[in-house]
Amino acid sequence: TLTAGAVTLTMKGSGTTQTIGGSSALTLPTLQIGSGNGADISVVVSQNTTVAALTFSTPDKNRTVTINSGKTLTVTGNLTLAQPTKDNMASLLSVGAGTCTVGGNLIFSGSNNSTKRIAKIAVTSGTFTLGGTLTWMSNSAVATEVITVGTGTVNFSSSITQGDKSGTISLTSSGEINFNSTSAPSLTFGGGT
């Protein structure tokens, strides 16, 4: 447990994979992936970890967080994925066979229309649960903010609205997307539900 108060812990890249690990579960303050530009950053969560918020900084390089199989990343606040500022780059949360639970909101931030600048959550065989709302980017390209599900599960606890060209939610195999809550959330797109 890092008892440093309301601070931000920043993971900065040196071109090598960094690991959040240890022999017991961790509790961290706000975790930021990257700070400005520089090298690609790859962080592997190999221990059950709770953070107050998770933010991917606006990069000109790749930003990746991978949750190892059987491990859980809990974000009690918001998850913010910033769109890269250069082509062929991505801000990626890879759930793999692990679990990610976001108690707050999922915010995709950025305004560039290049479909080569992607902010993405990829759920392979694990589980991603969003407790709050989903905010799409302010651009007009659907492939810039993406949620994909392979054989895993995505759970939304609030209604999701996809306006014209607001993003992509994709099932690529036998995965599940659930809209489960006492308020009966829904997916609204193009004026239909």
Side-chain angles (χ1 to χ4, degrees), residues 1-2 8-13 16-34 40-57 59 61-84 89-109 118-135 145-158 160 167-181 185:
T1 301
L2 180 62
T8 298
L9 175 63
T10 302
M11 302 292 279
K12 294 184 177 182
T16 59
T17 299
Q18 301 173 46
T19 302
I20 298 175
S23 58
S24 59
L26 301 168
T27 300
L28 302 171
T30 296
L31 179 62
Q32 179 171 303
I33 308 304
D40 291 341
I41 299 174
S42 178
V43 177
V44 175
V45 178
S46 64
Q47 184 51 265
N48 295 332
T49 304
T50 299
V51 298
L54 177 59
T55 301
F56 286 67
S57 70
K61 299 290 185 181
N62 291 305
R63 305 282 192 252
T64 304
V65 172
T66 302
I67 303 169
N68 272 354
S69 177
K71 299 304 177 185
T72 298
L73 174 62
T74 302
V75 182
T76 57
N78 295 337
L79 166 59
T80 302
L81 282 164
Q83 180 187 34
M89 299 294 164
S91 291
L92 172 65
L93 174 62
S94 177
V95 179
T99 300
C100 182
T101 301
V102 178
N105 303 319
L106 170 57
I107 302 161
F108 287 106
S109 66
I118 301 171
K120 181 176 182 177
I121 296 174
V123 181
T124 308
S125 58
T127 302
F128 176 81
T129 301
L130 177 62
T133 60
L134 195 159
T135 301
E145 61 256 61
V146 179
I147 299 172
T148 62
V149 187
T151 59
T153 303
V154 171
N155 299 306
F156 294 111
S157 298
S158 297
I160 304 299
T168 300
I169 299 174
S170 173
L171 285 168
T172 59
S173 185
S174 60
E176 294 182 6
I177 298 176
N178 298 306
F179 300 90
N180 298 325
S181 174

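Worth knowing before you read on, the calculation uses all heavy atoms, side chains too, and leaves out hydrogens, waters and symmetry mates. A quick note: this is a predicted structure, and the numbers were derived from the prediction, not measured.
Here the shortest heavy-atom pairing between Ile67 and Cys100 reads CD1-CB, 3.6 Å. Here the closest non-hydrogen pair linking Ser158 and Gly131 is OG-O, 3.6 Å. A pairwise comparison of heavy atoms in Ser57 and Gln32 identifies CB-NE2, 4.0 Å as the closest pair. For the pair Ser125 and Thr151, the tightest heavy-atom approach, listed with the atom from each and the gap, is CB-OG1, 3.4 Å. Closest heavy-atom contact between Pro84 and Ser91: CG-N, 3.8 Å. Pairing each heavy atom of Val123 with each of Gly152, the nearest pair is CG1-CA, 4.2 Å.
With Gln18 contributing its side chain and Lys12 its backbone, the two residues share a donor-acceptor pair below 3.5 Å.
Residues Thr55 and Thr8 fail the side-chain proximity criterion, which asks for heavy atoms closer than 4.5 Å. Contact check for Val65 versus Leu31: no side-chain heavy atoms found under the 4.5 Å cut-off.
Between atom CD1 of residue Ile107 and atom CG of residue Asn78 there is a gap of 4.5 Å, rounded to the nearest 0.5 Å. Atom CG of Leu106 and atom OG1 of Thr135 lie 7.5 Å apart (nearest 0.5 Å). A distance of 8.5 Å separates CG of Leu9 from CD1 of Ile33, quoted to the nearest 0.5 Å. In this structure, CG in Leu81 is found 8.0 Å from OG in Ser109, a value given to the nearest 0.5 Å. Rounding to the nearest 0.5 Å places CD1 of Ile147 at 5.0 Å from CD1 of Ile121. In this structure, Asp40 CG and Arg63 CZ are separated by 8.0 Å, a value rounded to the nearest 0.5 Å.
Residue pairs meeting the side chain to side chain donor-acceptor pair (under 3.5 Å) criterion with at least one partner in residues 98-108, sequence neighbours excluded, are Asn105-Thr133.
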Distance-only check: which donor-acceptor pairs under 3.5 Å involve side-chain atoms of residues 68-76, not counting sequence neighbours?
| unit_1 | atom_1 | unit_2 | atom_2 | d |
| --- | --- | --- | --- | --- |
| Thr76 | OG1 | Val51 | O | 3.4 |
| Thr76 | OG1 | Ala52 | O | 3.4 |

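Residues forming a side chain to side chain donor-acceptor pair (under 3.5 Å) with Thr129 (at least two apart in sequence, or on another chain): Asn155. For Ala122, the side-chain contact (heavy atoms from CB on, under 4.5 Å) partners are Leu92, Lys120, Thr148, not counting sequence neighbours. Residues satisfying the ring pair (Phe, Tyr, Trp, His ring centres under 6.0 Å) test with Phe108, not counting sequence neighbours, are Trp136.
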ask   = Could you go step by step and tell me if Val154 and Ile169 meet the side chain to side chain contact (heavy atoms under 4.5 Å, CB included) rule?
value = CA-CA 10 Å; Val154 171; Ile169 299 174; over 6 Å; no
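When each of Leu134, Leu79, Leu93 is checked for a side chain to side chain contact (heavy atoms under 4.5 Å, CB included) with Val102, only Leu79 meets the rule.
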